[in-house]
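Chain A is the first sequence line, chain B the second, and so forth, proteins listed ahead of strands; every chain is numbered from 1. Quick caveat: nothing in here was measured; it's all calculated off a predicted structure.
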Amino acid sequence: MALKIFNTLSGEKELFSPLTEGEVRMYVCGVTVYDSAHVGHARSLITFDVIFRYLKFSGHRVEFVRNFTDVDDKIINKANEEKVGWEKITARYIEEYYRDGEMLGLLRPTAEPRATLHIPDIIALIERLEAKELAYRVDGDVYFPVERFAGYGKLSGKKIEEMEAGARVEVDERKKSPLDFALWKSSKPGEPTWDSPWGPGRPGWHIECSAMSTKYLGQPFDIHGGGRDLMFPHHENEIAQSEGAFGKPLARYWIHNGLLTVNGEKMSKSLGNYFTIQEILQVHDAAALRHLFMGSHYRSPVDFSTEALEEAGRATDRIHETLARAGQSLKPGAEAIPEAGLMDAFRSEMDDDFNTPRALALIFDEARALNRSLDEKNSKGLEGRAAALRSMCDALGLLHSGYFERKKERWLKKGIVNREEIESLIARRDGARREKNWPEADRIRQQLRDKGILIEDTPGGTLWKVK
RNA sequence: GGCGGCGUACCCAAGUGGUUAAGGGAGAGGUCUGCAAAACCUCGAUGCAGCGGUUCGAAUCCGCUCGCCGCCUCCA
């Protein structure tokens, strides 16, 4: 068994072997912090969180770097709109981003560098490119001449001539090719500015990733990831800059996650068809969102809808229900070893380019088998199998403690019922049941049901949960 | 226009040359239950957009047709 990864660079699944045995260096493009992150960002975040988790799960030491782009036109525009400094904008959204990440159950990367804290590294890289005649100045701007880099287009499979012919951009006459991109931009008054050999200005978008990835991970490093939409031009430009500057590959495996769509169209700010992560998490559990994403392969598009999310939520309920049930009937404190056969099966699914849909199928198969054993009061091998189920879910980040309690909280917050009301209705119903007053007991149950509360009579007493 | 991808049951979705086409949701029937809920059991595509072809054998390879999407512009 060995991990295979689909490498965008080759267009094929390849056997993954890190540069250093047992160690993986991974860089993923993060977000530009000018607005709240939406569910599309969440997909990318969760995809690479799972990859991070699984690489660790399979015994690697992982250096995982994800950046913040904290200097950009959109940030400046937002600052101007609100008449505040740009640092206020980036600070606000970085803070929001950390809160989102925590709620999504993301593992923290090993480093989360910001562009503005790496200006010297960026300048040094541009100088290096300039020395190799891979940069030219136009007024206070510095551009990268794409036709001077032979491999331009190798990641996205595009050809310079074809792109120039079909260019839809308004052509900047000062550039040698419409595809040339800015390494450094001169700044207008009031914009973020740093001194540089080319005059006061700020870095272009792509250069920060080249500078920071290599600074933290060396060159080449093992995995570079990001959303499909970053493949061109962003990642192509990163390759041009880094490989142009150092004459060696930037990254060995390129991973791109598929995009999130809404009614079949890409979720994006410009289309206005997006939900922020916060909006969604007020109504749904992060585990359900993650489950929704895990249900499709990371490279496929996923169509987002609240119906799909609710459906994923019902599936997530089942897993947590099973886990809770298994937890109750196991000896407390017993340190069980996950059942080896199950773990092997899980690994072989995940080793196939992180095939989470198949891994989920395995999880459900085992959930059913476990429930069956529990129904039959057959405790043989139960601990090991429950531990395996738990471990598989954990490797996907699906284990969110307090899952049902959060579900209750979300419902109670709507103000339709409160706990006291539920408890007293249940007490009254229990009284009716003791007297075998079934019509009254059923009437109370219906009353609760109308308020979204389901009653469950168990040997240990009456429990309630949210519908 | 160029490049890439997708079309599998009511819905979502794996599978990409070879036993009965995973799994989830919804639905139907059943076991359990005072009745429920949960759980479990059973049933759901002789067929994988359509048409041709290659092959002993195709959802899986090739060709054409139809439909949808992404990138080529900031974008996870």
Side-chain angles (χ1 to χ4, degrees), chain A residues 8 11 28-32 34 37-48 66 69 72-74 153 156-159 161-170 178-179 205 225-234 236 256-261 264-271 274 291-292 294-297 299-303 305 307-308 310-319 321-322 324-325 349 352 355-365 367-376 433 436-439 441-442 445-446 449 454-458 462-465 467:
Chain A
T8 311
V28 174
C29 292
V31 293
T32 302
Y34 75 102
H38 61 63
V39 195
H41 298 114
R43 183 175 189 204
S44 186
L45 260 15
I46 289 173
T47 297
F48 288 100
R66 189 174 53 213
T69 297
D72 168 86
D73 288 346
K74 291 189 290 288
S156 53
K158 294 176 187 300
K159 294 191 178 68
E161 317 82 64
E162 284 167 0
M163 285 189 285
E164 286 180 344
R168 298 187 299 170
V169 221
E170 77 278 22
L179 298 173
W205 173 34
R228 253 204 108 70
D229 51 351
L230 295 185
M231 205 162 99
F232 189 89
H234 183 56
E236 200 71 71
H256 291 97
N257 65 275
L259 302 181
L260 202 64
T261 61
E265 278 187 316
K266 177 178 169 179
M267 179 181 283
S268 73
K269 291 267 158 74
S270 46
L271 287 170
Y274 65 93
H291 190 106
L292 174 67
M294 295 302 99
S296 297
H297 187 88
R299 281 190 278 120
S300 309
V302 168
D303 200 57
S305 67
E307 291 75 27
E310 277 164 17
E311 192 180 292
R314 284 190 285 271
T316 308
D317 282 356
R318 232 186 109 197
I319 292 173
E321 203 98 55
T322 304
R325 206 183 153 200
E349 302 297 14
D352 182 16
N355 195 332
T356 55
R358 288 198 83 96
L360 266 189
L362 201 65
I363 285 171
F364 278 105
D365 282 342
R368 188 187 310 107
L370 214 50
N371 275 318
R372 190 178 182 165
S373 298
L374 257 14
D375 280 354
E376 290 168 353
R433 290 182 73 219
K436 297 205 190 302
N437 185 354
W438 308 126
D442 290 347
R445 179 169 50 209
Q446 187 56 44
R449 185 190 284 267
L454 290 182
I455 290 297
E456 205 167 319
D457 295 321
T458 74
T462 302
L463 305 176
W464 63 276
K465 61 184 182 183
K467 215 190 295 189

### Message
Could you walk me through whether A:Met267 and A:Thr261 satisfy the side chain to side chain contact (heavy atoms under 4.5 Å, CB included) test, starting with their C-alpha distance in whole Å, then the side-chain angles of each, then the deciding distance to 0.1 Å, before giving a yes or no?
### Response
CA-CA 5 Å; A:Met267 179 181 283; A:Thr261 61; over 6 Å; no
### Query
Taking atom C1' in both B:rU54 and B:rC61, what distance in whole Å separates the two?
8 Å
### Message
Taking the C1' atom in each of B:rA9 and B:rC43, what is the distance between them to the nearest angstrom?
### Response
13 Å
### Query
Name the stems that RNA chain B belongs to, where each is three or more consecutive Watson-Crick or G-U pairs with both distances under 3.5 Å?
B:1-7 with B:66-72, B:10-12 with B:23-25, B:27-31 with B:39-43, B:49-53 with B:61-65
#### Entry: Whole angstrom value for the distance that separates P of B:rC6 from CG of A:Leu259
15 Å
#### Entry: Residues forming a side-chain contact (heavy atoms from CB on, under 4.5 Å) with A:Glu265, sequence neighbours excluded
A:Asn273
### For atom CG of A:Asn371 and atom P of B:rA39, their distance in whole Å
7 Å
### Query
Side-chain N or O of A:Arg314 less than 4.0 angstrom from OP1 or OP2 on B:rA26?
yes
#### Entry: Partner residues of A:Lys436 under the side-chain contact (heavy atoms from CB on, under 4.5 Å) criterion, sequence neighbours left out
A:Trp438
### Query
Checking all strands, does A:Gly30 fall into the base, sugar-phosphate, or nothing category for heavy-atom contacts under 4.0 angstrom?
sugar-phosphate
### Task
Under 4.0 Å between any heavy atoms, over every strand shown, what does A:Lys436 touch: base, sugar-phosphate, or nothing? Just pick one.
nothing
### Message
Do A:Lys266 and A:Arg228 make a side-chain contact, defined as non-hydrogen atoms from C-beta onward lying under 4.5 Å apart?
### Response
no
### Task
With C1' as the reference atom in both, quote the distance from B:rA26 to B:rC11 in angstrom, rounded to an integer.
7 Å
### Summary
Quick tally for nucleotides 8-23 of chain B: nucleotides whose base has a protein heavy atom under 4.0 Å get B, sugar-phosphate-only ones S, the rest -, giving -----SSS------BS
### Message
Given B:rA76, B:rA37, B:rC72, identify the nucleotide with an atom nearest to the side chain of A:His38.
### Response
B:rA76
### Query
Should A:Asn257 be listed as having a side-chain N or O under 4.0 Å from OP1 or OP2 of B:rA76?
no
### Message
Measure CD/A:Glu236 against P/B:rC71 and give the value in whole Å, please.
### Response
16 Å
### Query
What interatomic distance, in whole Å, is found between P of B:rA14 and the corresponding atom of B:rG7?
8 Å
### Message
Any base atoms under 4.0 Å from A:Gly226, or only sugar-phosphate, or nothing? Heavy atoms, all strands.
### Response
sugar-phosphate
### Message
Taking only the C1' atom of each, what is the distance from B:rC66 to B:rA49 in whole angstrom?
### Response
8 Å
### Task
Please state whether the base of B:rC74 and the side chain of A:Lys269 form at least one donor-acceptor pair under 3.5 Å?
no
### Query
Separation of A:Arg299 atom CZ from B:rC71 atom C1', in whole Å?
17 Å
## Note on the structure
Contacts of A:Arg325 meeting side chain to side chain donor-acceptor pair (under 3.5 Å) (sequence neighbours excluded), chain-then-number -> A:Asn371, A:Asp375
### Task
Kindly point out which of B:rA76, B:rA37, B:rG34 is positioned nearest to the side chain of A:Lys266?
B:rA76
### Assigned glycosidic conformation for B:rG7 [threshold 90° from 0]
anti
### Message
Let me spell it out: for each of A:Gly258 and A:Glu321, pick the nucleotide of RNA chain B with the closest heavy atom. Which residue's pick is nearer the 5' end?
### Response
A:Glu321
### Message
Going by the rule ring-ring contact (aromatic ring centres under 6.0 Å, His included), which residues pair with A:Tyr274 if we only count those two or more places apart in sequence or in a different chain?
### Response
A:His38
### Any A:Arg372 side-chain nitrogen or oxygen under 4.0 Å from OP1 or OP2 of B:rC41
yes
### Query
What is the distance, rounded to the nearest whole Å, between atom CG of A:Asp442 and atom P of B:rA37?
12 Å
### Message
Could you tell me how far B:rC32 sits from B:rG23 if I compare only their C1' atoms? Round to whole Å.
### Response
26 Å
### Query
Touch check for A:Lys159, heavy atoms < 4.0 angstrom, all strands: base, sugar-phosphate only, or nothing?
nothing
### Query
Taking only residues two or more places apart in sequence or in another chain, which ones pass side chain to side chain donor-acceptor pair (under 3.5 Å) with A:Arg43?
none
### Query
Looking only at atom P, what distance separates B:rA76 and B:rC71, rounded to whole Å?
12 Å
#### Entry: Side-chain (A:Asn355) to main-chain (A:Glu349) donor-acceptor, under 3.5 angstrom
no
### Query
Roughly how far apart, to the nearest Å, are B:rA36 and B:rA21 at atom C1'?
37 Å
### Query
Between atom CZ in A:Arg66 and atom C1' in B:rA76, what is the gap in whole Å?
11 Å
### Query
What is the nucleic acid contact for A:Met267, judged by heavy atoms within less than 4.0 Å: base, sugar-phosphate only, or nothing?
base
### Query
If you find the nucleotide of RNA chain B closest to A:Glu456 and the one closest to A:His291, which residue's nucleotide is nearer the 5' end?
A:His291
### Task
Taking side-chain contact (heavy atoms from CB on, under 4.5 Å) as the test, write out the residues that go with A:Asp365, two or more places apart.
A:Arg368
### Task
Report the C-alpha separation of A:Met294 and A:Ile46 in whole Å, then their side-chain angles, then the decisive distance to 0.1 Å, and conclude whether the side chain to side chain contact (heavy atoms under 4.5 Å, CB included) test is met.
CA-CA 9 Å; A:Met294 295 302 99; A:Ile46 289 173; 3.9 Å; yes
### Query
Roughly how many Å is it from CD in A:Glu162 to P in B:rC71, rounded to a whole number?
19 Å
### Task
Kindly write out the residues that satisfy side-chain contact (heavy atoms from CB on, under 4.5 Å) with A:Leu370, not counting sequence neighbours, or none if the list is empty.
A:Thr322, A:Ala326, A:Glu366, A:Leu382, A:Arg385, A:Ala386, A:Leu389
### Message
Distance check needed: B:rC71 C1' versus A:Leu230 CG, whole Å only.
### Response
11 Å
### Message
Of the listed nucleotides (B:rU73, B:rA76, B:rG34), which one gets closest to any side-chain atom of A:Leu179?
### Response
B:rU73
### Query
Between A:Ser373 and A:Ala369, is there a donor-acceptor pair closer than 3.5 Å when you use the side chain of the first and the backbone of the second?
yes
